[in-house]
Every structure is written in C-alpha cells, then in structure tokens.
Amino acid sequence: MGYTHLMTPTPASAPYRLLPGAEDSPVLLHVPHSSRTVPPEVRRGLLLDDAALARELDLLTDAHTAELAALATALAPHTPWRFVNGLSRLVVDPERFPDDREEMSAAGMGAVYTRTAHRAPLRPDGFDPAPLLDRYFHPYAEAMTGAVQDRLDATGRAVILDVHSYPARPLPYELPPTDPRPPVCLGTDAFHTPPALLAHARAAFGDAPDSDLDTPFAGAYVPLRFHGTDARVTALMLELRRDTYLTEPAGPTHAGLTTLAKSLAGLVDRVSG
C-alpha cells in the first residue's frame with residue numbers, strides 16, 4: 001500500500017506560506033528575507049521616518065528572491081516545496097538564534113534588530129524583544145520545523161536550499177566587511193552540508209557566475225530541532241550577489257534573474273533524485 005500524507009495547511013492569517021511541491025520531493029526552498037512588509041503595530045516601534053525606513057528596506061531586503069524561487073520552481077522538472085516569509089526581517093529575522101548564541105547580536109542584529117545596516121538606532125534603548133519573538137519568531141520556527149518534518153515523513157530526507165541575496169558592496173553591519181564577495185556564495189554547515197550536496201551546487205551553477213564557499217557569509221539554516229543531530233536534514237545557503245540579477249539596491253531585475261533561476265532549478269533537479 002502506498003504512503004498517504006496529509007499536509008497541515010498554512011493558516012490563512014499566517015505571515016508565511018508553505019507552498020506545496022511534489023509529494024515525493026525532499027527539497028524545500030526557504031525564502032526568509034524577500035518581503036518589505038512591516039505590520040503597523042511593529043512600524044510604530046521603529047525610530048526611522050518613512051524615507052529612512054524605505055532606504056533601510058532597500059538595503060536589507062533580499063529583493064526578488066521570492067520571484068527567483070518561484071521561477072526556479074516552475075522550471076524544475078521535479079517541483080520543490082517553498083517556505084516563504086511574508087514579513088520583513090525588520091520584524092524578526094527567522095534565521096538568527098533567539099538567544100546568546102547569535103553573534104550578530106553584537107551588531108544589534110539578532111533575532112530582533114535594534115540597529116540599522118549603518119549601526120544607527122532602529123528601536124529604543126531597552127526595547128523588549130519578547131513580544132515580537134512570541135508573536136512572530138517562534139510560530140515561524142515551529143512552522144518551518146513542521147515543513148522539514150513533513151519532508152522527512154514523506155521521503156525520509158529533507159534538503160533545505162536557503163535563498164538569499166547580498167549587495168555588491170559591504171554594509172557597515174557586516175562582520176567582518178573585508179571578505180571576498182563572489183557572484184554566488186555557497187554557505188555550508190559542517191554537519192548538514194555533505195560533500196555531495198556541495199558538488200551538486202557547484203555543478204548546477206557552472207553556467208552562472210563563479211561561486212565561492214562561505215564568503216562573505218557562512219552557514220546554512222536548519223531548524224533547531226534537527227540542528228547538529230539529524231543527518232537526514234541537509235542544507236545549503238545560496239547568497240546571490242544582487243548585481244548579478246538586479247539593479248541595486250532593490251531592482252528592477254534583468255536577464256540574470258532567469259540565469260540564476262535556471263541554475264537553481266538545475267540544483268533542485270540534481271538533489272531530488
């Protein structure tokens with residue numbers, strides 16, 4: 001008798017979306033930083049005026065990465081699943097540790113940012129992040145954990161491809177700001193990025209701009225339930241330099257978007273079998 005899986009639907013009010021792919025696909029495209037949406041109640045807690053906030057969103061939003069992931073999904077022979085954040089990272093950053101493990105907290109950019117990309121105050125001194133973590137961060141983490149568990153239950157493995165972008169010139173918050181900035185950065189995790197996954201990525205992006213490893217950003221996102229313990233969950237971070245597919249800082253896009261989407265679709269195909 002074949003396996004029958006019942007997926008828990010995304011609540012209509014949730015600020016994220018799990019978009020179904022092929023039932024036998026282990027691949028989950030994670031798009032955490034593509035949105036510019038800041039709810040009014042969160043906007044009131046930010047110190048920036050509207051013009052400054054728009055500039056900050058230009059700098060920190062991974063513009064058009066949701067579009068890129070959607071195009072790759074349409075091109076991929078084996079349809080991946082997608083988990084897409086509908087809120088700006090200025091609300092909460094779902095890929096940061098919510099505690100003292102997060103090194104970016106030193107720059108005021110932990111799970112809840114208190115500083116801008118230029119290290120100016122974003123939220124008042126003494127701001128309590130707990131309400132935002134409870135309302136946005138923890139439900140997101142739980143839903144992403146469920147999405148990964150869903151792929152494990154259905155296929156016996158999960159492959160997280162984390163889709164990001166970054167500016168051609170470093171921003172002041174980056175630690176350190178002097179690393180090389182290749183057109184495609186492949187971020188890895190010592191436990192969750194096996195050599196085969198990395199080899200597939202290098203092969204898939206062979207027709208795209210040159211790639212490099214863990215520079216200027218390192219690591220790959222894995223929900224904490226599985227992090228460092230479950231080797232069935234593999235992960236790779238894709239950091240795409242923005243000038244390779246759009247006019248910086250935030251668009252419009254150009255032909256490079258399609259080139260990168262084809263490469264991502266090729267990677268999805270390679271790791272789906």
Side-chain angles (χ1 to χ4, degrees), residues 1-12 14-35 62-86 94-95 140 143-165 184 186-187 192-194 196-208 220-223 226 230 232-240 245 253 255-273:
M1 182 176 177
Y3 175 83
T4 300
H5 175 67
L6 298 177
M7 182 187 72
T8 301
T10 305
Y16 50 80
R17 284 289 175 267
L18 175 62
L19 303 170
E23 184 54 40
D24 61 348
S25 173
V27 182
L28 188 63
L29 299 182
H30 183 217
V31 188
H33 295 156
S34 65
S35 176
D62 291 351
H64 301 288
T65 49
E67 178 184 347
L68 193 153
L71 180 55
T73 297
L75 293 170
H78 206 66
T79 307
W81 294 60
R82 281 177 288 154
F83 194 101
V84 182
N85 189 5
E95 295 210 322
Y140 186 104
M144 182 63 180
T145 299
V148 173
Q149 187 65 57
D150 184 87
R151 294 300 83 216
L152 290 174
D153 292 343
T155 72
R157 63 192 181 104
V159 184
I160 303 170
L161 301 179
D162 210 24
V163 184
H164 292 263
S165 71
V184 178
L186 304 175
H192 292 282
T193 309
L197 175 55
L198 189 57
H200 284 316
R202 289 193 182 279
F205 282 89
D207 293 331
Y221 174 73
V222 174
F226 312 104
D230 195 334
R232 297 176 302 163
V233 180
T234 59
L236 183 73
M237 178 172 67
L238 300 168
E239 286 276 5
L240 310 174
Y245 73 94
T253 61
L257 181 81
T258 300
T259 299
L260 290 169
K262 288 178 178 178
S263 295
L264 179 55
L267 175 56
V268 168
D269 188 39
R270 289 170 182 272
V271 301
S272 293

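- With sequence neighbours left out, the side chain to side chain contact (heavy atoms under 4.5 Å, CB included) criterion links His200 to Leu267, Arg270, Val271.
- The aromatic rings of Tyr16 and Phe83 sit parallel to each other, their planes meeting at less than 30°, with 60° as the upper class boundary.
- Nearest heavy atom pair, residue Ser25 against residue Pro80, reads OG-CA, 3.8 Å.
- Contact annotation: the side chain of Gln149 never approaches that of Met144 to less than 4.5 Å [non-hydrogen atoms, C-beta and beyond].
- The closest donor-acceptor contact from the side chain of Arg232 to the backbone of Ala158 lies at 3.5 Å or more, if one exists at all.
- Using a 4.5 Å heavy-atom threshold, the side chains of Leu236 and Thr234 count as separate.
- Residues satisfying the ring pair (Phe, Tyr, Trp, His ring centres under 6.0 Å) criterion with His64, sequence neighbours excluded, are absent altogether.
- Inter-residue side-chain proximity for His164 and Pro32 is flagged as met; some heavy-atom pair is nearer than 4.5 Å.
- Shown here for Glu23 and Ala154, the closest heavy-atom pair between the two residues is OE2-CB, 3.3 Å.
- Contact of the Val222 side chain with the Asp230 side chain is not registered, since no non-hydrogen atoms from C-beta on lie closer than 4.5 Å.
- Remark: Asp150 CG to Thr145 OG1 distance equals 12.0 Å, nearest 0.5 Å.
- With rounding to the nearest 0.5 angstrom, the NE2 atom of His33 is 8.0 Å from the CG atom of Asp162.
- Between Trp81 and His30, the closest side-chain pair of non-hydrogen atoms is not below 4.5 Å.
- Across every non-hydrogen atom of Ser272 and Pro26, the tightest pair is O-CD, 3.9 Å.
- Judged as a side chain to side chain contact (heavy atoms under 4.5 Å, CB included), and not counting sequence neighbours, the contacts of Val163 are Val31, Thr65, Leu264.
- At least one side-chain heavy atom of Leu28 sits under 4.5 Å from a side-chain heavy atom of Leu18.
- Of all heavy-atom pairs spanning Asn85 and Pro15, the tightest one is OD1-O, 3.4 Å.
- By the 4.5 Å heavy-atom criterion applied to side chains, Ile160 and His192 are not counted as neighbours.
- Among residues two or more places apart in sequence or in another chain, the ring pair (Phe, Tyr, Trp, His ring centres under 6.0 Å) test is passed with Tyr245 by none.
- Residues Leu238 and Leu260 are not in side-chain contact: their nearest non-hydrogen atoms beyond the backbone lie 4.5 Å or more apart.
- Nearest heavy-atom pair across Ala22 and His78 is CB-NE2, 4.2 Å.
- Listed by chain and residue number, nothing satisfies the ring pair (Phe, Tyr, Trp, His ring centres under 6.0 Å) test with Phe226 (two or more places apart in sequence, or in another chain).
- Taking OG1 of Thr259 as the start and CG of Leu240 as the end, the distance is 11.5 Å to the nearest 0.5 Å.
- Atom CG of Asp24 is separated from atom CZ of Arg151 by 8.5 Å, given to the nearest 0.5 angstrom.
- Of the inter-residue distances, the one linking Met237 atom CE with Leu161 atom CG reads 12.5 Å to the nearest 0.5 angstrom.
- What you find for Gly86 and Ser35 is that their closest heavy atoms are O-OG, 2.9 Å.
- Partners of Thr193 by side-chain hydrogen bond (donor to acceptor under 3.5 Å, both in side chains), not counting sequence neighbours: none found.
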